Chemist: 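A single structure is presented below for examination.
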Amino acid sequence: KGTLFSDEQTLEDVEVYFGNLPRAMLTLLQITTVDSWTGVVRPLVFKRPWLSVYFLLFLGISAISVMNLVTAIIVETSVTAAKTDEQAESAFQTAVLHKMLVELEQVVQKLHIGEEDGEA
């Protein structure tokens, strides 16, 4: 059976970190979060330097993806807050206009009563 790595320790590392799909996914998550990722990658890259291209590309793409997700959440939260603020401002302006209209009606009624008193 042809293998990518020939020494026993590297084969053991590959089996521990990439032996099956769940392990490989967990290892790639560990690399994405930069959680002791050099301990996983370094032994493999020492044996096969071209793997550094794979791991660095993976890290770059996954890091950019995570940053995009975080940015999207922040933007969405900001837009929602802005809409809420806009609705609150609109409600406040409506209340102020209503209060001014009531006061204006009272002034008009007083003027109208004053005119009636003056005519009599």
Side-chain angles (χ1 to χ4, degrees):
K1 171 177 161 179
T3 61
L4 187 60
F5 301 102
S6 56
D7 72 70
E8 198 62 36
Q9 181 59 44
T10 306
L11 286 173
E12 189 177 311
D13 288 343
V14 169
E15 180 61 31
V16 167
Y17 293 117
F18 299 97
N20 56 36
L21 184 60
R23 286 182 189 173
M25 290 174 62
L26 185 61
T27 301
L28 292 175
L29 177 64
Q30 179 180 357
I31 292 170
T32 300
T33 60
V34 195
D35 175 32
S36 303
W37 72 289
T38 56
V40 174
V41 172
R42 185 171 287 163
L44 303 176
V45 170
F46 280 153
K47 296 295 180 181
R48 298 286 189 256
W50 59 268
L51 284 175
S52 62
V53 173
Y54 167 77
F55 286 118
L56 290 175
L57 279 174
F58 176 80
L59 181 61
I61 291 169
S62 62
I64 288 171
S65 299
V66 169
M67 285 189 293
N68 281 341
L69 287 172
V70 169
T71 302
I73 291 169
I74 291 170
V75 168
E76 180 64 27
T77 302
S78 298
V79 167
T80 302
K83 284 181 182 178
T84 302
D85 288 348
E86 187 176 293
Q87 290 171 348
E89 179 67 24
S90 176
F92 176 74
Q93 291 294 333
T94 301
V96 167
L97 288 174
H98 180 69
K99 182 180 177 185
M100 290 173 66
L101 182 61
V102 168
E103 290 173 357
L104 183 61
E105 285 177 350
Q106 290 173 351
V107 168
V108 168
Q109 284 178 355
K110 286 180 183 178
L111 287 174
H112 185 66
I113 290 173
E115 286 177 0
E116 287 177 358
D117 289 344
E119 289 178 8

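What you are looking at is a predicted structure, and each value in this text was computed from that prediction instead of being measured.
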Chemist: How long is the gap from OG1 on Thr10 to CD on Glu15, to the nearest 0.5 Å?
Modeler: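 It comes to 13.5 Å.
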Chemist: Given the rule in the side-chain hydrogen bond (donor to acceptor under 3.5 Å, both in side chains) test, do Gln93 and Glu89 qualify, once you have shown the distances and angles that lead to the verdict?
Modeler: CA-CA 6 Å; Gln93 291 294 333; Glu89 179 67 24; 2.9 Å; yes
Chemist: So, do Thr32 and Trp37 sit near enough that their side-chain heavy atoms are less than 4.5 Å apart?
Modeler: no
Chemist: If you round to the nearest 0.5 Å, how far is OG1 of Thr71 from CD of Glu76?
Modeler: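 These two atoms lie 13.0 Å from each other.
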Chemist: Rounded to the nearest 0.5 Å, what separates atom CG in Leu59 from atom OH in Tyr54?
Modeler: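 One gets 11.5 Å once the value is rounded to the nearest 0.5 Å.
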Chemist: Count I, L, V, M, F, W, Y as connected when their side-chain heavy atoms are under 4.5 Å apart, and connections chain through other members. Are Leu56 and Val41 then in the same cluster?
Modeler: yes
Chemist: Would you say that more than 12 heavy atoms from the other residues, nucleotides or ligands in this model lie under 6.0 Å from the CD of Glu103, or not?
Modeler: yes
Chemist: How long is the straight-line distance from OH of Tyr17 back to CG of Leu44, given to the nearest 0.5 Å?
Modeler: 9.0 Å
Chemist: Say whether, by atom type as modelled, one donor and one acceptor occur between the side chain of Ser52 and the main chain of Val45 under 3.5 angstrom.
Modeler: no
Chemist: How long is the span from the OG atom in Ser78 to the CG atom in Asp85, to the nearest 0.5 Å?
Modeler: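 The CG atom of Asp85 is 10.5 Å from OG of Ser78, to the nearest 0.5 Å.
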Chemist: Check Pro43 against Val40 and note the closest heavy-atom contact, atom names and distance.
Modeler: CD-O, 3.6 Å
Chemist: Just verifying a value: how many Å separate His112 NE2 and Gln109 CD, rounded to the nearest 0.5 Å?
Modeler: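 If I round to the nearest 0.5 Å, the distance is 9.0 Å.
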Chemist: So which heavy atom on Leu28 is nearest to which on Phe58, and how close?
Modeler: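 Closest approach of Leu28 to Phe58, heavy atoms only: O-CE2, 3.4 Å.
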Chemist: Given Val102 and His98, is the side-chain contact (heavy atoms from CB on, under 4.5 Å) satisfied, shown in steps?
Modeler: CA-CA 6 Å; Val102 168; His98 180 69; 3.9 Å; yes
Chemist: When you look at CZ of Arg23, are more than 12 heavy atoms from neighbouring residues, nucleotides or ligands closer to it than 6.0 Å?
Modeler: yes
Chemist: Checking Ser90 side chain against Glu86 main chain: does a donor-acceptor pair fall under 3.5 Å?
Modeler: no
Chemist: Taking Val14 as the starting point, is it possible to reach Trp50 by hopping between hydrophobic residues whose side chains are less than 4.5 Å apart?
Modeler: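 Yes, Trp50 connects to Val14 through the hydrophobic network.
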Chemist: Same hydrophobic cluster for Val34 and Leu51, using side-chain heavy-atom links shorter than 4.5 Å among ILVMFWY?
Modeler: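 They do share one cluster, since a chain of ILVMFWY contacts under 4.5 Å joins Val34 to Leu51.
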